[in-house]
Every structure is written in C-alpha cells, then in structure tokens.
Peer 1: 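Let me begin by handing over the structure; questions about it come next.
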Amino acid sequence: MNPAPRRTYYFVDMNEKRKPYPYDRIEPKWQSIWAEKGTFRTPNPGDADFDPAKPKFYVLDMFPYPSGSGLHVGHPEGYTATDIIARYRRMKGFNVLHPMGWDAFGLPAEQHAIKTGEHPRENTAKNIANFKQQLNRIGFNYDWNREVNTTDPGYFKWTQWIFRLLYESWYNPETRKAEPISTYTGANPDGVRLAFVSEAPVNWCQGLGTVLANEEVVDGKSEVGGFPVERRPMRQWMLRITAYAERLIDELQGLDWPEGIKLLQKNWIGRSEGAHVYFVLENFENTPTSLIALALDTDKADHPEADAVPEGHRVHRTAELTVFTTRPDTLFGATYMVLSPEHPLVDIFAADEHKEAIAKYRAEIGGKSDLERTELSKDKTGVFIGAYAVNPVNGERIPVWIADYVLMGYGTGAIMAVPAHDERDWEFAKKFELPIRAVVQTAAGGNVEEACVAGEGTAINSHNAALSLDGLPTADAKSKIIDWLEANGGGERKINYKLRDWLFSRQRYWGEPFPIIWTDGKHSSLPESELPLLPPDLDDFKPTGTGEPPLAKATDWVRYSEAATRETNTMPQWAGSCWYYLRFCDPRNPEHFVSPEAERYWMDGGKPGGVDLYVGGTEHAVLHLLYARFWHKVLFDYGYVSTPEPFQRLVNQGLILGEDGQKMSKSRGNVVNPDEVIQEFGADALRLYEMFMGPLEQVKPWSMAGVQGVARFLARVWRLIMEENQEGQWVLSDAVQDVELTGAQQRVVHATIKKVTEDIESLSFNTAISQMMVCTNELTAATVRPVAALRALLQVLNPFAPHLSEELNETLDRKFPGAESGLLAGRTWPEYNPAFLVEDEIEMPIQINGKLRERIVVKKDAAAAEIEAIALASPKVQEHLAGKTPRKVIVVPGKLVNVVV
RNA sequence: GCCGAUGUGGCGAAAUGGCAGACGCAGCGGACUUAAAAUCCGUUGAGGAGAAAUCCUCGUGCGGGUUCGAGUCCCGCCAUCGGCACCA
C-alpha cells in the first residue's frame, strides 16, 4: 500500500534565517518516505521480491567504532562515495548490497565504564543510536534491516564459532589448506593448531592493567593515558597467521587494490629468500640431542625426547646454531657470529668466565625500552660469550657474541656476521676490532677496511677443497653454495617471513569471551551448542592489577564444572571486524554465520574477491585487511565461502584536514561536525561538498566557504525549476515547459549524462559535479527550460543530492507526468546519445613551432589536406611564417595543426 | 636510512602526449535595492605594448633528455606528507 500522496508548501518565514532553498523541510520529508517505503531494503535470494535476473553489486564501507564524540566530517567522505555508487548501480539495474553496522567492542567504552560504572553495553547503545541518527540525517541509502553490531550475542556467537573453527584446525603444508585437527597425525596437535596458547612477551601496561597491541603503544607508552609499557612474558592466545604468509602475498595478485597498499602488505609480511646455515659449536661436537637450536617450521613432535623444547624450536643432531641469511654466498666472509641476547642457547654455550659480563649486558638492555634500543642503534654494543663456532664451509673457528642488534623475533635470533658486506656487521666489527674479509667484488668497488661494500657483485676469496664460488655472480653463487650446504648437511634453502603470529588475547572485559575451558591445565573448546558464550555481568570493571583479566573476578562464571574453568581473556577488537562483511549477506541467520545461498549470491562474482567495492581509510591498510584476509582464507579452505579473498576492489579515501590544513583533533579545536554543516547548508550540500573537494583518495583541507559554493549550486538547481510567487511561496516556475531542447541544450545535457556516468564509474566525483554545474549554468541562461532537460539533470544529480532531486522531480511530475513514475531512486539511469555530442563545425588551434598562434573553424569531418590548406592560408600564419616555407605540417584531425619551419 | 604518495593561479582543483588553469572559492566591476544581504551579468595566472579591438613574453617544485609538440613520457635532484625502521 502506498501512503497518501504528500503535498508540501513552502512559506518564507521571516522570523527564520533565510535559506536559499528549503532543505530543512525537504530532507526530513524524503528520509521518512524512504524509511516508510523501505526504498533501500535489499531482498535476499529466496525472498518473495528477489529478482534473480539482476546482477549483484556489493559495496561496503569500513564500519565505524561508535565513539562517544560522534561523527566528524571525515566519516561521510567514504560513506558518500559508496552511497553514490550504490544508488547509481541500483538505477543501472543491479541488486545492490549496501549495509552498515558497528564495530562496537573496544577500549574507550570499557574505560568509560571504569570511570562511571555505567555498563559498556549501555554506553555503546547510546553511542550507536547517536551515530545512526547522524548518518540518517545525511540521507544514506543503507539497508538498516541488515545492521550488525559486533557486541550483539547473535553476532559474536559466530565470532566465537569461527575462533572455535580456528582452534579445531591446523594448516596442512601438503594440501596448503586449513583442515580439521583430526587429520593431523603428529604426536602434538596443540603445536599446530591455528589458534594456540603461547608464553609470549607482550606489552604489559600496569597503568591500564592490560596488555596492549603493538599499535596501541606509542614511544614505549600507552596510546591511551600515556602510561609506561613493559615487555613481559604472559600466557596468551595466538593465531597462526604465519601459516598463510605465502598465500597472503601470492593471492594479492588478482585484487584491484592500490599498488601501494599491496606493497605495504607484502612488506609487512616480509618474505625473504635465503638459507639456514648450521654452525657446530666447538667443544660441543659430540653433545647429543639433549641440546636445542632454533629452527622455525620444524616439527619438534617428531622428537618425543624434546618435550622441554619451546614452541617453534627444533632438536638438532648435535649442538649447532642455526642462522638465517639472505646472502649465503658471503659465507666465506663470516668472521664471527652474533646471537640475540635473549637467545635460549646463550646460557648453554657461554663459557663460565663470561657469564657475569653476559648477565650485566642483559640487565643493561633489559632496562631499555624498544625506543631506546633503536635510538641508540648508531652505537653498537655487545659482549663475547667465550664460545667458538665452526664455519661449515671452511672449518674456520669464529667467535660467538651477543648483541642487541640481533632480534630474537626474526629469523632464528642468530646471525653469521659478514662485516665486509653488511653495514651493521661492519660497524660492530670496527668497534670490537673483529676481522673483515672481502668476499664479493661489486661494480662500485671500495675498500672493506674503510667502508662496508654492500650489494651484489662477483664472489672472490670463496673456495675450499671441494667448492669454489670465485668468479660467480651473486645469484649463481647463492644457489651453488646452498646446493653444497644441502649436500653436505651444512644448511638448507629457506624462506623467512617478517610476519609474526597474531597475539589474539586481551585482559579486558569488553570483548568476546573465548569459547575455551581449562581442565587440569589442558584447554579444550566449548561445544557449539553452548555458543554464544556471554560475558558475566560485573559491578566493577576495573582491572585486577595482577595481569588477571577482569573476567576472573566473576568466580561463578569462571567455574565451568567441578573440574573445569573458563578462559578469562577476551578477543581483541579486530575479531569482530574480520568477518562482518559476510554477516551482512545474511544478518539474522540463527543456523549459520551466513547461509550458503546468500553467501554465494553476494560474494561470488566470478572474481577472487567477494565484495565488489570496499572503501575506507589507509589506517587499516595493513592490520584489518590482513586479518580479515586470513580468516577468509580459512573459511574458504573449508568451503564456507566461495572466493579466496574477501575484497575485490579497495579504495582508500584521503584524510580530511581542518580548515587550518592540520589534522582534525579536539586539542587543535579544528574538528568540523557534520550536524553543524547540515544545520546551516543542508545534507545535500554536505554530501556534495565532500565529493567536490577533490579526488576521493587525496588528503584535503575542509573549507566552509567551499560548502557554501556547492550549496549555491544546489540553490541554482532549485531555482531552475522553482520560483517564489507574490505570497512568498515556492512554486513551479513558468519557465519550465514541455518543449524540445535546443541543439546546445541537447548537447550539454547529453555531455552531462556521459561525463557523470563515466566519472561515477571511475570514482571521479569532483569532475562529475563540475559537469552538472556547467549544465546548470547553461540551463539557467535559458528563458524557457525544457522539462526533459531538467528531468535528465535531476536523474544524474540524484545519487549526489537525493533529497533535492526527489523533491524537484516530484514537483515536475505533478504538472508533467513522464514515462516513468515513482521515486527517482527506482528509475533507470539515462543513456546519452553520442549523436547529440558532435558539432558540425569545430574550432582548431594552429601552432607554429609548437606555439599557439591562431584558431580556425573547420567542418567536423574535414580531411587533413583541407585543414592544412585552410591553416596555411590564414593571414596570421602567413605573417608568422614571414615568407619561410614550412618544413613540415602536422595535422591531427579534430585536434590541432602544428606548422614547423 | 628504506618504501610509497604528492608538488599546477591568492585557495580547493581540471586537463586519452595536442589551446594549461574547466568547475568552485576568494577578489574586482556592474545590474537590482533607500541601503545591505541574497540573486543575476561580466571579469580575474604573471609581466609588458596599445586609445582600443588586440598583440607579445614568461609560466605546471628544480636541472637535463625524448618528441613537430611534455603538467603528462625518460634520467637526475629538491621539498612536503604518510608508512616501516638494526628484519640479517
């Protein structure tokens, strides 16, 4: 049933500030019409009004954290862009999925709860209501039936479900896929689960009583509150994202993402090709397997005697040190070794008389924050541990040192030092007077005693009885020595990644509880039937201060059974945002996180990525996008989703700066609130200005004068169609008539349709708007304004300024019913006719030696010879030629003529 | 240090290798008005010649190059912003 037709009269209210057009009445009017009619409700496959003949288009915004301070003008930038795309695609005949939701777990709500005692749930609900109301005032076409909220048990049930899936899975390197843990045949399944427990050094913040993610720590202090942060080993849940490192790099290839973002991800994952090289320790040659050495990816479960070996380490044949190097070709130049001070083997290999110095050095650097450690990087420090290793390639005896320039977290935590060809090793060798031996000759050359000679070249001084690299270019030398090492048990080819496993637990209240219970120190997952696992209600959200999470205070909740207790950590904020785009496809489904039918329809467009367009800020270029891709791939391996990647096309909108050109912030007082802009200029003006400022992806400053400019444009469009009568009412202008368009009007209207269509496709909204301004200026000049021209303009303007265009179109329709009826939002996008764009005669510039000298007018299809003749005959040209004969005349028909003398 | 992005009027910006500055802001002049605001019309890169219409020179961060022709392509710099930062 349609509601009774509305009729709106506008009176100029003298008491009120005069508005260029009554946006304050028409905007709420259309917003409520859209809500009542359900204009933007998107049916799913299986729904009665679903049309399977239409292609799908999934256009998504990065959903916001609903903060207490509400929206600022940066938010609607990307949202307006996707809003335009969604409206446009719908008019182009697509089924459009364009949802919005809330990433609502997070530290601010919890901090607020600690301060005020108000439950985070209540505060979050208020903030969401505020955000939603602000978004609706801008007139976005979200399908609110699909709203999701990560803190809703109906949602986080499935976040917990996916975590449980990760926990019950391992990555099978043979199949290169996640599989149920039951297919793993090794002795220690807990060592390979995709979600696992680890004793990891974490950023512990005493002031906040919680661990923090790396990105929450700035300069050794907490981002919130500025409290000191220390590294402390704690029992933590980790996700084995490193298992997917290779796929996360390789599968970027098929995505339409900015190359810069792909590169950022690749660098973050940090793939390096090289080798592991084993160095036997002097005096430990016959020490059997009771000693350990580092080697990532090696399965300690194959060695049952190695129960005491920490995660990720392996048992060696003998007491060896393994190093990772990307330059195995320089092995003959290794003159010493360096271990990270935290390396577990230091205590085993160190000579007794050096142990005191080692302890002292460790204490020194232990007191340093990460910042200090890197700040002092210019000055290398370290101590000799009194041990010697044997270089496998020449049997040479080289000293072993510890130094903080070698990081425990990368590679094996140990390096072979080649001071001649590595800048850091060179500095260290110079300071401690260690030998430097050149083994690579580079094109640039140089004396290794004076400076480090970095880069590739030709191997020299690199031979033993059985092997010579001398004369080989670096690449060949690398592969030859790796072959030799592999044949002689001295090492192996190895690919190393910078990416670390993902620290996935937080000692917080306001997050998803883990679906895990502990029995006799062993963990197991809750049965699916017990999900969602709700957090307990607490009276007091303060941290315990001991490192125990707040959930530990709820002793009844923690007690699962006589024998078992619940995990008290919660998941980080990233968890809910890792899969929300899937829930939007089928947001209320109680049986599945998304039904297979809905998933297939909305996500499978025949491309690697599911979401057709994803728009958000660069601040998520690495972490969110990497995490979501990881989860998606696990779900893909199980067949729960039909594409290997979540997001096909990614666009980062640029930051909006304050009017002062500075980043918007409360402390600078340059934050612009969209509500104020709407109050003064209307939502359509806000939308239009956000898009008119400049290219979407560029950083650009706000300007209220600019808003006024586009508001003026909208008012001009209004007055194309409306005029004020004697009583001060806005009524349809008499100039609007059902007449044929003039040639010039035909041309500008069709040029506008063409340009706006193409510019929306390429997200060049600013130039689309200028073209509509050109069109409006042209029509303003006309004394009689053809309805057809106005209708076309309103139709292409509709995605940008939906309220104004619907209102004007309704007014036009009352007097001039057209071929289509109903809302513009439901009509078909106009086509342009190329025949109207061509002019009979065109103006062509004439250059002489590349300088513009004259313009001529020729028939549009004039032949090159004809144009040349006209050009040369021009008096101006003759004058400039000054009697000289042109050497060459270049005629580009339709473009220009260039005469060369 | 490494990686990436960006440098065009007073400002935001536009230009498939082909008339640099579309469109908008600000400015200036005019119309309407008792007046102002709003609106409409015109004008506006810099410098120079001319009474004027017009014309000339220079001009896209800097220096080179390719080309009949470069804001656009190539080489080398500089500056600003963003990310990473002893990653072996």
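A, B, ... follow the sequence lines: proteins, then strands. Residue 1 opens every chain.
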Peer 1: Look at all strands and tell whether A:Ser272 reaches a base, only sugar-phosphate, or nothing, counting heavy atoms closer than 4.0 Å.
Peer 2: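 A:Ser272: backbone/sugar contact only, no base atoms under 4.0 Å.
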Peer 1: Would you kindly give the CD-to-C1' distance between A:Gln662 and B:U80, to the nearest whole Å?
Peer 2: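 So the two atoms are 13 Å apart, to the nearest Å.
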Peer 1: With a 4.5 Å heavy-atom cut-off, do A:Val418 and A:Arg327 have their side chains touching?
Peer 2: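 A:Val418 does not reach A:Arg327 side chain to side chain.
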Peer 1: Using a cut-off of under 3.5 Å, enumerate the N/O to N/O pairs linking the protein to nucleotides 13-18 of chain B.
Peer 2:
| from | atom 1 | to | atom 2 | distance (Å) |
| --- | --- | --- | --- | --- |
| B:A13 | OP1 | A:Gln698 | OE1 | 3.2 |
| B:A14 | OP1 | A:Asn766 | ND2 | 2.9 |

Peer 1: Contact class for A:Thr326 vs. all strands (heavy atom < 4.0 Å): base, sugar-phosphate, or nothing?
Peer 2: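 If one applies the 4.0 Å heavy-atom cut-off, A:Thr326 turns out to touch the sugar-phosphate alone, with no base involved.
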Peer 1: Name each donor-acceptor pair under 3.5 Å that joins a side chain in residues 887-901 of chain A to protein atoms two or more places apart or in another chain, with its distance.
Peer 2:
| from | atom 1 | to | atom 2 | distance (Å) |
| --- | --- | --- | --- | --- |
| A:Asn898 | OD1 | A:Gly850 | N | 3.1 |

Peer 1: Are A:Glu492 and A:Lys494 close enough for a salt bridge, meaning some N to O gap below 4.0 Å?
Peer 2: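 Result for this pair is no, no salt bridge flagged.
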Peer 1: Any side-chain N or O of A:Lys851 less than 4.0 Å from the OP1 or OP2 oxygen of B:G59?
Peer 2: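 No, because none of the side-chain N or O atoms of A:Lys851 sits under 4.0 Å from OP1 or OP2 of B:G59.
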Peer 1: Decide, yes or no, whether a salt bridge links A:Glu259 with A:Lys262 under the criterion of side-chain N to carboxylate O below 4.0 Å.
Peer 2: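 Salt bridge between A:Glu259 and A:Lys262, a charged N being under 4.0 Å from a carboxylate O: yes.
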Peer 1: With 3.5 Å as the limit, what N/O pairs link the protein to nucleotides 28-31 of chain B?
Peer 2:
none

Peer 1: Not counting sequence neighbours, which residues clear side-chain hydrogen bond (donor to acceptor under 3.5 Å, both in side chains) with A:His620? List them please.
Peer 2: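 With sequence neighbours excluded, A:His620 shows a side-chain hydrogen bond (donor to acceptor under 3.5 Å, both in side chains) to no residue whatsoever.
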Peer 1: Go through the structure and list residues passing ring-ring contact (aromatic ring centres under 6.0 Å, His included) with A:Trp702, not counting sequence neighbours.
Peer 2: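 In terms of ring-ring contact (aromatic ring centres under 6.0 Å, His included), with neighbours along the sequence ignored, A:Trp702 is linked to A:Tyr689.
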Peer 1: Taking ring-ring contact (aromatic ring centres under 6.0 Å, His included) as the definition, give me every residue that meets it alongside A:Tyr23, ordered by chain and number, with sequence neighbours left out.
Peer 2: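 ring-ring contact (aromatic ring centres under 6.0 Å, His included) list for A:Tyr23, sorted by chain: A:Tyr21.
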Peer 1: Using a heavy-atom cut-off of under 4.0 Å over every strand shown, decide if A:Gly709 touches base, sugar-phosphate, or nothing.
Peer 2: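 It contacts sugar-phosphate atoms only.
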Peer 1: Mind checking side-chain hydrogen bond (donor to acceptor under 3.5 Å, both in side chains) for A:Arg437 and listing every partner two or more places apart, or none if nothing turns up?
Peer 2: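 Testing A:Arg437 for side-chain hydrogen bond (donor to acceptor under 3.5 Å, both in side chains), a comparison that skips the adjacent residues, returns A:Glu396.
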Peer 1: Could you give the CD-to-P distance, from A:Glu778 to B:C23, as a whole number of Å?
Peer 2: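 Nearest whole value for this atom pair: 12 Å.
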Peer 1: For A:His624 and B:G83, what is the distance between atoms NE2 and P respectively, to the nearest whole Å?
Peer 2: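 Taking NE2 of A:His624 and P of B:G83, I get 18 Å after rounding.
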Peer 1: Kindly point out which of B:C3, B:C84, B:A88 is positioned nearest to the side chain of A:Lys498?
Peer 2: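 Nearest nucleotide to the side chain: B:C84.
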Peer 1: Name the pairs: protein N/O against N/O of nucleotides 53-56 of chain B, kept only if under 3.5 Å.
Peer 2:
| from | atom 1 | to | atom 2 | distance (Å) |
| --- | --- | --- | --- | --- |
| B:C55 | OP1 | A:Lys876 | NZ | 3.0 |
| B:C56 | OP1 | A:Arg853 | NH1 | 3.3 |
| B:C56 | OP1 | A:His880 | NE2 | 3.4 |

Peer 1: Who pairs with A:Phe428 by ring-ring contact (aromatic ring centres under 6.0 Å, His included), at least two apart in sequence or on another chain?
Peer 2: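 Partners of A:Phe428 by the ring-ring contact (aromatic ring centres under 6.0 Å, His included) criterion, ordered by chain and then number, come out as A:Tyr336, A:Trp401, A:Tyr405, A:Phe432.
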Peer 1: On RNA chain B, nearest-nucleotide positions of A:Val899 versus A:Ala715: which is more 5'?
Peer 2: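 Closest to the 5' end, via its nearest nucleotide, is A:Ala715.
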Peer 1: How many whole angstroms separate atom CH2 of A:Trp268 from atom C1' of B:G4?
Peer 2: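 Spelled out: CH2 on A:Trp268 to C1' on B:G4 is 15 Å.
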Peer 1: Measure from the side-chain heavy atoms of A:Val774 and tell me the nearest of B:C86, B:C23, B:A88.
Peer 2: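 The answer is B:C23, which lies nearest to the side chain.
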Peer 1: Polar pairs (N or O, both sides) under 3.5 Å between protein and nucleotides 40-47 of chain B?
Peer 2:
| from | atom 1 | to | atom 2 | distance (Å) |
| --- | --- | --- | --- | --- |
| B:C40 | OP1 | A:Arg716 | NH1 | 2.7 |
| B:C40 | OP1 | A:Arg719 | NH2 | 3.1 |

Peer 1: Here's a test of your reading of the structure: between A:Gly270 and A:Ile769, which maps to the more 5' nucleotide of RNA chain B?
Peer 2: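 That would be A:Ile769.
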Peer 1: Have a look at A:Leu264 and say if it touches a base, only the backbone sugar-phosphate, or nothing, with a 4.0 Å heavy-atom cut-off.
Peer 2: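 Since only primed, P, OP1 and OP2 atoms lie under 4.0 Å of A:Leu264, the category is sugar-phosphate.
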Peer 1: With sequence neighbours excluded, give me every side chain to side chain donor-acceptor pair (under 3.5 Å) pair touching residues 762-776 of chain A.
Peer 2: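 Matches after skipping sequence neighbours: A:Thr752-A:Gln771, A:Asp759-A:Thr767, A:Ser762-A:Ser764.
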Peer 1: Tell me the stems RNA chain B sits in, counting at least three consecutive Watson-Crick or G-U wobble pairs, each under 3.5 Å on both distances.
Peer 2: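 Stem list for RNA chain B: B:1-7 with B:78-84, B:10-12 with B:23-25, B:27-31 with B:39-43, B:45-49 with B:54-58, B:61-65 with B:73-77.
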